[in-house]
2 protein chains.
Amino acid sequence: MARVTLQTIADRLGVSRATVSYAFSRPDQLSDDLRRRILQVADELGYAGPNAAARSLRLGRAGAVGLLFSETLAYAFADPYALGFFQGLATAAEEAGVGLLILPLPRGEKRPPPVRDAVVDAFCVVSLPDGHPALAEVLARRLPTVVVDEPYVPGHPFLGIDEPAAGAQAARHLVELGHRRVGVAMVGLHDDGRTGWADPGRQRGAVFEAMRGRRSGYEAACVSAGVDWASVPFYELSRNSRAAGREAGHALLGRTPRPTAILTNTDVLALGILDAAADLGLDVPLDLSVVGFSDSAAEEAGLTTIRQAKQEIGAAAGRLLLEPPDEPERLLFPHELIVRASTAPPRP
Amino acid sequence: MARVTLQTIADRLGVSRATVSYAFSRPDQLSDDLRRRILQVADELGYAGPNAAARSLRLGRAGAVGLLFSETLAYAFADPYALGFFQGLATAAEEAGVGLLILPLPRGEKRPPPVRDAVVDAFCVVSLPDGHPALAEVLARRLPTVVVDEPYVPGHPFLGIDEPAAGAQAARHLVELGHRRVGVAMVGLHDDGRTGWADPGRQRGAVFEAMRGRRSGYEAACVSAGVDWASVPFYELSRNSRAAGREAGHALLGRTPRPTAILTNTDVLALGILDAAADLGLDVPLDLSVVGFSDSAAEEAGLTTIRQAKQEIGAAAGRLLLEPPDEPERLLFPHELIVRASTAPPRP
DNA sequence: TTGTAGGCGTTATCAT
DNA sequence: ATGATAACGCCTACAA
C-alpha cells in the first residue's frame with residue numbers, strides 16, 4: 001500500500017489538496033457534508049493525518065522544546081535534583097501544550113548528539129561542562145536557548161543559583177560552629193571519571209562552572225575563618241552515588257587528624273558519608289558534622305543542606321523558552337541553608 | 001536579517017544548493033577546499049545549519065520516539081515506577097541516539113494532545129485508561145506503536161506483567177498466612193477523581209485495564225480461600241500519595257471488625273497505610289499486615305510487595321520501538337513476591 | 001465554499 | 001567534483 005497523502009484523497013474525491021487540507025486543519029472553512037466525505041475517504045484509505053514534518057516545515061514551528069542534560073538519562077531520572085527541575089520544566093511545557101524532546105548526549109563521543117535533527121522551537125541546556133561540543137551545536141541552531149546551572153553563555157538567559165554564595169554559606173555554617181578541621185567531598189568537577197584526592201590546581205580547573213563556584217565559596221569561607229585551604233583534604237568523586245559518598249567518607253575519615261566536619265556538594269554523597277561514619281562507629285553530629293547540597297534526599301536523613309528552588313528554576317526555564325525575553329536575563333534563584341541534625345559544634 | 005538557507009549561501013558563492021548541502025551532510029563528496037569556503041560563508045552569514053523539519057520531511061525519519069503517559073508529567077517524574085520505566089526506555093533511546101519526545105496530555109481536555117504534530121518515528125503509550133482520546137490519535141498516525149501496561153491494543157506490541165496473576169499472588173500470600181478479614185486500597189481505577197468506598201460494580205468498571213486485572217486477581221485469591229468478596233471493604237483513591245494511603249488506612253482500620261490485612265496497589269499507598277496504623281497504635285505486622293505493589297519505595301520501609309521489572313520493560317519497549325517486530329508480541333514480564341517485615345500471620 | 005499555484009528548505013538522482 | 005531538477009507533504013494567499 002503506497003503512501004497516502006492529501007493528494008491521494010483529493011484525487012479520489014475529485015477535489016483539490018487544499019480542500020482536503022481544510023478538512024483537517026480548518027474545519028470551519030468547509031461545508032459539513034464535504035468535510036465528512038473527506039474524512040470518510042481518508043479513513044478508508046488509511047490516511048495518517050497531515051504529516052508532522054511537513055506541517056512543521058510549512059508552519060515554521062515545532063511544538064516542542066529540546067532538553068539537553070549532561071548526564072546519561074538513566075542517571076538523570078534517578079537524580080533528585082534533576083527530577084525536581086524536570087518537574088518544573090515539564091509542568092510549564094504541559095501548560096503550554098508543547099512537547100519536551102529529551103536529547104541524549106552520547107558519552108562515548110562516537111557520533112554527534114542529535115541536536116541538528118531535533119525539530120524544536122527552543123533549547124534548554126542543563127549543566128554542561130565547559131566546552132562541551134553539544135553546546136556549540138545548540139548555539140549553532142540559533143534558536144531561543146536558555147542555560148541552567150552551567151555554563152553561562154553571554155547573550156542567553158541563564159538560570160541558577162549564586163553558587164559561590166551558597167557554597168560559602170554551607171562552609172560558614174561549619175566554621176561558625178567552631179569546626180577547623182574540615183574535609184570536602186565533591187562530585188562532578190571533571191568529566192574524566194577520576195576519583196581520588198584532588199589538589200587545589202585540579203579543584204580550580206574543574207570543567208563544571210557551577211561546581212567551580214561552589215567550591216570557591218567553600219574555600220572563601222574557610223579561609224576567612226583562618227583555615228588553611230591547602231591542608232583541607234579534598235576527595236573527588238566521579239559518580240554521584242551513596243556508595244561513592246561512602247568511599248569518600250572512608251578516605252576522609254581515615255586522615256590524621258580526622259576531620260570534624262565534611263562538606264559535600266550533593267545530598268546523596270552526604271548520605272554515603274553518614275554510612276562511612278556509621279561504619280567507623282562515629283556519632284553524627286557529635287564526632288562528625290556533615291553538610292549536603294540541594295535538599296533532595298536530605299529530610300528523612302536529618303541532613304543539614306542547602307536548598308535550591310529546583311522546581312521554580314524548571315518552571316522559570318519553561319516560561320523563558322516559551323516566550324523568550326527581549327533582554328537575556330541572568331536569573332539567580334534563592335538558596336537557603338537548612339539546618340538539621342547532621343551538624344553541631346565539634347567536641348571540645 | 002532575513003532567513004539564511006542553503007540557497008542564500010549558494011548564491012553568495014555562485015554554487016548550487018546541492019553543493020552546499022553536501023558540505024554539511026556529505027563532507028566526503030566535496031573537495032576540502034570548497035567545503036571549507038562554504039562553511040566559512042555559512043558562518044559569516046549566520047546559517048543555522050540544515051533545517052531540521054525540512055530534513056526530516058525529506059529524509060522521512062525523525063530521529064525521535066514519542067512517549068505518552070497517563071499522568072501529569074510532574075507526577076510521572078515523582079513516581080518510582082514510572083521513573084524506573086523511563087530509565088529503561090531512555091537508555092535504549094540513548095544507545096540508539098534518538099530523542100525521546102515526551103508529550104503532555106492535557107487533563108483539562110481543553111485541546112487535543114499535540115500528537116498530530118509530533119515529529120517522531122514511533123510511539124510508546126503508557127498506561128492510558130480505556131478509551132482515552134489520545135490513544136486514538138496515536139493509532140491514527142499509523143506509526144510503530146507499543147503499549148505498556150494498558151490498554152491492550154490488538155495488533156500492537158504490548159508490554160506488561162500478568163496483572164491478575166500478580167494480584168492473586170499478593171492476595172494469596174495474605175490468605176495463606178491465615179488472614180480472612182482483608183481490606184483493599186487502590187488508586188487509579190477511574191479517571192474521575194473520586195475517593196471513597198467502591199462497591200464491586202465500580203471496582204469492575206475500572207477504566208484502567210491493568211488495575212482491573214490486578215483487582216480481579218485479589219478477588220480470585222480471596223474467594224478461593226473462602227473469603228466473601230462482597231464483604232471486603234474496598235477503598236478507592238484518586239491520588240497516589242502517602243497522604244492518600246493514610247486516609248484509606250484510617251477508613252479501612254475504622255471498620256468493625258477491623259481488617260487484619262490490607263492490600264494496596266502501590267507502595268506509596270502502602271506507606272500511607274503504615275502511617276495510619278502508627279496513628280492508631282497498631283503494630284505491623286502483628287496487628288496488621290500490609291502488601292504494596294511495584295517494589296519502588298518498599299525496601300527501606302520493610303514492605304512486602306510485588307516486584308515488577310520496570311527497567312527491563314522500559315528497555316524492551318525501547319528496542320521494540322527502534323526495530324518493530326514483524327509479529328506484534330504480547331510480552332508479559334515476570335513479577336515476584338518480595339516478602340518483608342510488613343506481613344505475618346494474624347493474631348490468633 | 002472550493003480550486004490554483006507557489007513555496008517552506010532539504011536531499012537524491014541524474015547529468016555533466 | 002559539481003550543477004540542474006524533481007520530489008518530500010503541506011498550508012495559504014488569492015482567485016473563482
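A note on names: the letters A, B, ... follow the listed sequences, proteins ahead of strands, and every chain is numbered from 1. As the structure is a computational prediction, the values presented were derived from the model and not from experiment.
Of the candidates dT2(C), dC11(D), dT10(C), the closest approach to any side-chain atom of S31(A) belongs to dT2(C).
Within residues 12-23 of chain A, the residues approaching DNA chain D are R17(A), A18(A), S21(A), Y22(A), by heavy-atom distance under 4.0 Å. Looking at residues 54-63 of chain B, you'll see L57(B), R58(B) sit with a heavy atom under 4.0 Å from some atom of DNA chain D.
Distance CZ (R141(B)) to P (dG9(D)): 13 Å, rounded to an integer number of Å. Here dC11(D) presents its P atom at 11 Å from CD1 of I9(A), a figure rounded to the nearest Å. In this structure, CG of D11(A) is placed 12 Å from P of dG3(C), rounded to the nearest angstrom. Nucleotide dT11(C) holds its C1' atom 15 Å from the CD1 atom of I38(B), rounded to whole Å. When the P atom of dT2(C) is taken as reference, atom CG of D28(A) falls 12 Å away, rounded to whole Å. Separating the CZ atom of R116(B) from the C1' atom of dC10(D) is a distance of 12 Å, rounded to the nearest angstrom. Between the C1' atom of dC14(D) and the CD atom of Q29(A) lies a distance of 13 Å, rounded to the nearest Å. Nucleotide dG7(C) holds its C1' atom 13 Å from the CG atom of N51(B), rounded to whole Å.
Across all non-hydrogen atoms, the minimal contact from A62(A) to D121(A) is N-OD1, 2.6 Å.
Using five terminal pairs a side, the axes of the helix from dT1(C)-dA16(D) to dT16(C)-dA1(D) at its two ends make an angle of 30°, given in steps of 10 degrees.
For Y47(A) and dG9(D), the shortest distance from a side-chain N or O to OP1 or OP2 is not below 4.0 Å. When the side-chain nitrogen and oxygen atoms of R26(A) are compared with OP1 and OP2 of dC11(D), none of them lie within a distance under 4.0 Å.
At least one donor-acceptor pair closer than 3.5 Å links the side chain of R141(B) to the backbone N or O of V115(B). Within the 3.5 Å criterion, the main-chain N or O of G46(B) finds a donor-acceptor partner in the side chain of R142(A).
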### Message
Please evaluate residues F69(A) and F86(A) with respect to the criterion ring-ring contact (aromatic ring centres under 6.0 Å, His included), reporting the C-alpha separation (whole Å), side-chain torsions for both, the decisive distance (0.1 Å), and the verdict.
### Response
CA-CA 10 Å; F69(A) 190 78; F86(A) 287 171; 5.8 Å; yes

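Counting any heavy atom pair closer than 4.0 Å across all strands shown, L6(A) reaches sugar-phosphate atoms only and no base atom. Residue contacts shown for Q7(B) are absent, as no nucleic acid heavy atom lies under 4.0 Å away.
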